[in-house]
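For reference, the structure discussed in these notes is given below.
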Amino acid sequence: MDEESTAFAAPAAMLVEGRAEGPLLFSETALSFWGGVDPETGVVIDHAHPLHGLCLAGAVLAMPGGRGSCTGSAVLLQLIVNGLAPAAMVFSQREDILTLGVIVAEEVYGRSLPIAVLDPADFICLEGRKRLCVEDGSVFEPDATPVRGGELATSVDRLALTEKDRDLLSASVPRATSLAMRIVTRMARLEGAERLINVAQVHVDGCIYTGPASLDFAEKLAGWGGRVVVPTSLNAISVDQARWREQGTDPARSQAASALADAYVRMGAAPTFTCAPYQLNDAPHRGEDIAWAESNAVVYANSVLGARTMKYPDFLDICIALTGRAPYAGCHIDQNRKARLIVDVESMAGCDDSFWPLLGYQVGLLSPNTIPVLTGLETAAPSHDDLKAFGAAFATTSAAPMFHIVGVTPEAPALQAATGGATLPVLTVSHADLLAVWRSFNPVAGEPVDLVALGNPHFSAEECRHLAELCRGRRKHPGVALTVTASRSTYERIADNGIAAELEAFGVTFVRDACWCTVMPPIVPPVARLILTNSGKYAHYGPGLSGKEVRFAGLAGCVEAAVLGRCPDAPPAWLAG
């Protein structure tokens with residue numbers, strides 16, 4: 001910024017009203033608060049983010065928006081309760097996940113912070129400025145005159161409520177239900193929704209323990225008479241409920257995490273405890289309106305199953321479950337499911353399973369908030385597990401709620417179906433791009449490995465079978481832990497067919513209920529220095545969440561490392577050639 005430039009002031013749309021002033025922290029890169037910000041310190045822990053190591057407390061945080069995990073709302077709520085939240089947030093696009101965290105703080109705890117949205121042209125002018133004020137429809141430097149008004153600041157309430165909706169807001173229903181309905185309608189108005197719709201099922205991500213605030217919120221809802229009115233599944237939690245004592249996890253945190261899960265079960269949710277609800281028997285059908293949280297599950301439901309859900313933030317998920325009503329907005333609407341970017345993938349012969357998470361991560365970087373359609377993969381024939389790995393990595397680097405792959409996903413039998421016939425910009429993904437992603441995960445090759453972490457998202461029964469094939473006739477290195485996270489239902493299946501016993505004989509340890517984004521020490525051994533994973537999602541989040549070095553390989557490379565005690569010496573052959 002030119003030091004002689006005039007003081008900045010611009011009109012803003014307010015997602016949450018209020019006034020705040022503070023030092024500016026600016027980034028052109030979106031940030032997931034889950035896995036990206038420590039709720040106990042307010043420090044950015046995402047090693048790949050430009051703000052890494054900085055504390056958000058008391059600052060005006062300016063970034064394009066959120067990305068990644070739906071649990072960002074819970075992290076922000078905990079930051080607010082801890083007094084470590086930003087003073088205000090300024091975005092260049094409407095943002096739901098972090099906004100919902102502030103709305104819950106207002107509704108339940110009477111604490112808040114303003115959230116403003118600037119026109120992108122105004123937003124970029126913030127770079128290099130030192131201090132900002134946010135107030136009453138304007139973002140400005142302290143010595144500038146506030147500027148208000150304009151199209152951006154204009155908000156029209158289009159939401160029409162039915163008589164039943166109004167009843168859900170009244171004193172005739174339990175306190176938990178009316179609170180939930182207030183939160184649903186506030187978010188619906190921010191989305192510009194004209195009406196609410198019924199949903200067939202809900203998947204709750206808010207059962208992940210992020211601190212005392214997440215537990216307190218759930219126990220308040222349960223104590224205020226909350227009861228789900230549609231089938232509701234629960235995401236992976238932060239503890240293996242049946243085995244945490246033998247695993248040696250921290251008793252206080254384990255008991256709190258288990259109590260959080262129990263609060264949701266008391267409200268009528270099913271104890272499925274999986275981040276891959278699409279593996280359950282009652283997975284939704286194409287065209288079905290649902291309300292799912294958990295970023296990878298949302299992307300999979302929209303893209304692979306063809307169901308319809310927005311990327312619902314933690315806490316909004318349970319509010320929809322308690323009311324059965326959701327905003328008619330986002331991916332519930334046909335037009336909002338169309339691609340706005342074409343990504344052409346260069347032909348790459350001989351790929352193994354590492355291709356899909358690498359590709360998903362790169363495509364997310366290319367489309368940080370835009371639904372893409374991929375071409376060049378018409379004959380690739382990815383499995384459900386390949387698409388799971390792609391979607392989880394994509395949802396880590398992108399805020400978009402879905403993707404299309406021509407000839408693969410149900411709403412893209414041809415390019416025109418995915419785009420609606422629109423002429424779109426085209427970007428490419430080359431062999432060199434994926435090699436660059438691999439090298440970003442693996443700055444050094446051949447290092448000693450202490451833990452091989454599999455199951456982010458939860459391993460499927462088919463992945464367990466494939467793992468058993470790779471381990472058969474081999475011996476695990478005694479200095480390497482090999483741990484798989486999976487759902488209760490998947491573990492029951494592989495126990496019945498003998499796969500679990502075979503893997504456990506090899507030395508595999510299973511953790512149920514939790515997944516790698518939620519596990520506690522000593523599941524990640526405190527003395528471990530380096531973790532190897534086949535998950536693009538965990539390769540990104542793992543360093544910040546675990547405090548360890550994390551490397552990436554395909555499943556065969558992970559097994560080889562568990563046998564030899566060191567990471568692969570080079571990229572896989574298809575990528576190195």
Side-chain angles (χ1 to χ4, degrees), residues 1-33 35-38 41-68 72 75-76 79-80 84-95 97-99 102 113-153 364-370 397-399 440 540 544:
M1 184 188 72
D2 185 347
E3 292 184 359
E4 296 183 0
S5 62
T6 58
F8 177 86
M14 299 301 295
L15 301 183
V16 180
E17 297 288 347
R19 185 196 186 284
E21 178 181 339
L24 174 63
L25 286 180
F26 175 88
S27 177
E28 293 184 70
T29 303
L31 174 66
S32 170
F33 271 43
V37 181
D38 184 342
T41 64
V43 172
V44 177
I45 57 174
D46 182 342
H47 286 226
H49 199 273
L51 298 179
H52 175 250
L54 298 179
C55 183
L56 304 183
V60 175
L61 175 62
M63 60 182 183
R67 69 177 185 189
V75 173
L76 181 54
L79 287 167
I80 293 170
L84 295 169
M89 291 187 288
V90 179
F91 303 132
S92 62
Q93 61 199 34
R94 197 196 72 239
E95 199 282 341
I97 293 174
L98 298 174
T99 302
V102 178
L113 60 91
I115 301 180
V117 179
L118 289 176
D119 183 276
D122 291 327
F123 176 83
I124 204 67
C125 295
L126 295 178
E127 185 171 11
R129 299 182 188 275
K130 302 300 182 184
R131 196 169 183 85
L132 278 186
C133 299
V134 178
E135 181 182 10
D136 205 18
S138 183
V139 175
F140 55 98
E141 289 183 288
D143 54 349
T145 301
V147 176
R148 300 181 175 89
E151 281 187 28
L152 190 68
L365 292 173
L366 295 177
S367 52
N369 51 35
T370 302
T397 50
S398 177
S440 73
H540 178 93

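Just so it is clear, the model here is predicted, and its values are computed rather than measured.
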What one should report as the nearest heavy-atom pair of Leu24 and Leu126 is CD2-O, 3.3 Å
So, using side chain to side chain donor-acceptor pair (under 3.5 Å) as the criterion, who are the partners of Arg94 when residues are at least two apart? Asp96, Glu191
Which distance, rounded to the nearest 0.5 Å, do you find between the CZ of Phe8 and the OG of Ser138? 8.0 Å
Side-chain contact test, heavy atoms from C-beta onward, threshold under 4.5 Å: evaluate it for Val134 versus Met14 and give yes or no. yes
Apply side chain to side chain contact (heavy atoms under 4.5 Å, CB included) to Ile115 and Glu95, showing your working. CA-CA 9 Å; Ile115 301 180; Glu95 199 282 341; 5.9 Å; no
For residues Leu76 and Ala85, report the shortest heavy-atom separation together with the two atoms involved. CD1-CB, 4.3 Å
For Asp136, give me all partners under salt bridge (charged side-chain N to carboxylate O under 4.0 Å, His left out), at least two apart in sequence or on another chain. Arg148
Ile124: what forms a side-chain contact (heavy atoms from CB on, under 4.5 Å) with it, not counting sequence neighbours? Phe26, Glu28
In residues 42-68, what donor-acceptor pairs under 3.5 Å come from side-chain atoms, sequence neighbours left out?
unit_1 : atom_1 : unit_2 : atom_2 : d
Asp46  : OD1    : Ala48  : N      : 2.9
Asp46  : OD2    : His540 : NE2    : 3.2
His49  : ND1    : Leu51  : N      : 3.0
His49  : NE2    : Thr29  : O      : 2.8
His49  : NE2    : Ala30  : O      : 3.3
Arg67  : NE     : Ala30  : O      : 3.4

Applying side-chain contact (heavy atoms from CB on, under 4.5 Å) to Ala20 and not counting sequence neighbours gives Ala87, Ala88, Pro114
Nearest heavy-atom contact between Ala9 and Val147 is CB-CG2, 3.7 Å
Please find the pair of heavy atoms, one from Ala7 and one from Asp143, that lie closest to each other, and give the distance. CB-OD1, 3.6 Å
If you compare all heavy atoms of Phe123 against all heavy atoms of Ser27, which two are closest, and at what distance to 0.1 Å? CZ-O, 3.9 Å
Rounded at 0.5 Å granularity, tell me how far CZ in Phe140 sits from OG1 in Thr145. 9.0 Å
Spacing of Leu15 atom CG and Leu98 atom CG [to the nearest 0.5 Å]: 10.5 Å
Restricting to pairs with a member in residues 8-19, which pass side chain to side chain donor-acceptor pair (under 3.5 Å), not counting sequence neighbours? Arg19-Glu135
Residue pair Pro86 / Leu113: nearest heavy atoms and the distance that separates them: O-CD2, 3.3 Å
